[in-house]
A.B. asks: 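Right, I'll just put the structure down here and ask away after.
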Amino acid sequence: MKFLKFLAPALLGLSLSCSSNRTVENLEGKWNVTDLEGMKITPSERTPYLGFNTAQSQMYGYTGCNRLTGALNAKSFVMGKINMARLASTRMLCPDSPYEAPFLQALGRVSRLRINNNHMWLSDSAGRTLITLTKE
């Protein structure tokens, strides 16, 4: 019985640390936007996406016109929080891009995220889903 008293906390700690690491590892790679505030997006070469390089603590992406880049705070991510307001963007003119303006506006309001397998949901502070992504 004494053995179980020590084993249970150890297993709990191990499972929490593994789930945190697994979550960060699941973030790695390219995620295509499939829904942008209710607008369904069919994958194409102009599909907006976000990408994450956890080894270098970097985020990157594409708005459907311009490229994005920024820093990734893995600790905040593990807690389900993320700030995308500081992403830098190239400034090419693309007047025919249907996604760029709504995507950038939505990213500026993102404060929370949730991942389940190959799906990611980015939401605002009220919990309203702004962007849904699928891992490539």
A.B. asks: Sub-3.5 Å donor-acceptor pair from the side chain of Gln58 to the main-chain atoms of Ala71, do we have one?
C.D. replies: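 Checked: no pair found.
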A.B. asks: Would you tell me whether Thr90 and Asn66 have side-chain atoms, one donor and one acceptor, within less than 3.5 Å of each other?
C.D. replies: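 On atom types as modelled, these side chains qualify, holding a pair under 3.5 Å.
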A.B. asks: Any Lys/Arg nitrogen of Asp124 or Arg109 sitting under 4.0 Å from an Asp/Glu carboxylate oxygen of the other?
C.D. replies: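 Salt bridge absent between Asp124 and Arg109.
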A.B. asks: Looking at CD of Glu37 and OG1 of Thr129, how far apart are the two atoms once the value is rounded to the nearest 0.5 Å?
C.D. replies: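 Nearest 0.5 Å value for the CD-OG1 distance: 10.0 Å.
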A.B. asks: When you compare the side chain of Ile115 with that of Trp31, does any pair of heavy atoms fall below 4.5 Å?
C.D. replies: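 Counting from C-beta outward, Trp31 and Ile115 do come under 4.5 Å.
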A.B. asks: Is it true that a side-chain atom of Thr34 and a backbone atom of Thr132 form a donor plus acceptor pair closer than 3.5 Å?
C.D. replies: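 Yes, because the side chain of Thr34 sits within donor-acceptor range (under 3.5 Å) of the backbone of Thr132.
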A.B. asks: Within this structure, what is the CG-OG1 distance for the pair Asn117 and Thr134, rounded to the nearest 0.5 Å?
C.D. replies: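 Spacing of CG (Asn117) from OG1 (Thr134) equals 11.5 Å.
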A.B. asks: Taking atom CE of Met79 as the centre, report whether more than 12 heavy atoms of other residues, nucleotides or ligands fall under 6.0 Å from it.
C.D. replies: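 Open.
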A.B. asks: Are Tyr60 and Leu72 grouped together when hydrophobic residues (ILVMFWY) are joined by side-chain heavy atoms under 4.5 angstrom apart?
C.D. replies: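 Cluster IDs for Tyr60 and Leu72 differ.
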A.B. asks: Could you tell me if the side chain of Leu68 sits less than 4.5 Å from the side chain of Thr63, heavy atoms only?
C.D. replies: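 They are in side-chain contact.
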A.B. asks: Would Leu122 and Tyr49 show up in the same hydrophobic cluster when neighbours are defined by side-chain heavy atoms closer than 4.5 Å?
C.D. replies: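 Hydrophobic grouping puts Leu122 apart from Tyr49.
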A.B. asks: Go through it in stages, so that I can follow the logic: the residues are Cys65 and Glu100, the test is side-chain contact (heavy atoms from CB on, under 4.5 Å), and I'd like the CA-CA distance, side-chain angles, deciding distance and then a yes or no.
C.D. replies: CA-CA 7 Å; Cys65 175; Glu100 181 168 46; 3.8 Å; yes
A.B. asks: Flag the pair Val33 / Tyr99 as yes when at least one side-chain heavy-atom distance between them is below 4.5 Å, and no otherwise.
C.D. replies: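 When only atoms from C-beta onward are counted, Tyr99 and Val33 do not touch, as no gap falls below 4.5 Å.
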A.B. asks: Do Lys135 and His119 touch side chain to side chain, with heavy atoms closer than 4.5 Å?
C.D. replies: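 Result no, sub-4.5 Å side-chain heavy-atom pair not found.
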A.B. asks: After noting the C-alpha distance and the side-chain angles of Lys81 and Asn73, does the key distance pass the side-chain contact (heavy atoms from CB on, under 4.5 Å) rule?
C.D. replies: CA-CA 9 Å; Lys81 298 179 181 182; Asn73 183 331; over 6 Å; no
A.B. asks: Within this structure, what is the CD1-CG distance for the pair Ile82 and Leu107, rounded to the nearest 0.5 Å?
C.D. replies: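 Reported value, rounded in 0.5 Å steps: 9.5 Å.
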A.B. asks: Identify whether Met120 and Met39 are in the same connected component of the hydrophobic contact network (ILVMFWY, side-chain heavy atoms under 4.5 Å).
C.D. replies: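 They do share one cluster, since a chain of ILVMFWY contacts under 4.5 Å joins Met120 to Met39.
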A.B. asks: For residues Pro102 and Pro98, report the shortest heavy-atom separation together with the two atoms involved.
C.D. replies: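 Distance-wise, the nearest heavy atoms are CG-O, 3.6 Å.
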A.B. asks: Just by modelled atom types, is the Ser125 backbone N or O under 3.5 Å from a matching donor or acceptor in the Arg112 side chain?
C.D. replies: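 Answer holds: yes.
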A.B. asks: What's the verdict on side-chain contact (heavy atoms from CB on, under 4.5 Å) for Phe52 and Lys30, showing C-alpha distance, side-chain angles and the deciding distance?
C.D. replies: CA-CA 7 Å; Phe52 302 91; Lys30 182 178 170 184; over 6 Å; no
A.B. asks: Evaluate side-chain contact (heavy atoms from CB on, under 4.5 Å) for Leu87 paired with Met59, printing each intermediate quantity in order.
C.D. replies: CA-CA 8 Å; Leu87 286 173; Met59 290 191 299; 3.5 Å; yes
A.B. asks: Any sub-3.5 Å donor-acceptor pair from Ser44's side-chain atoms to Arg46's backbone N or O?
C.D. replies: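 A pair under 3.5 Å: yes.
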A.B. asks: With a 4.5 Å cut-off on side-chain heavy atoms, are Tyr62 and Leu50 touching?
C.D. replies: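 A side-chain contact is absent here, since even the closest heavy-atom pair is not under 4.5 Å.
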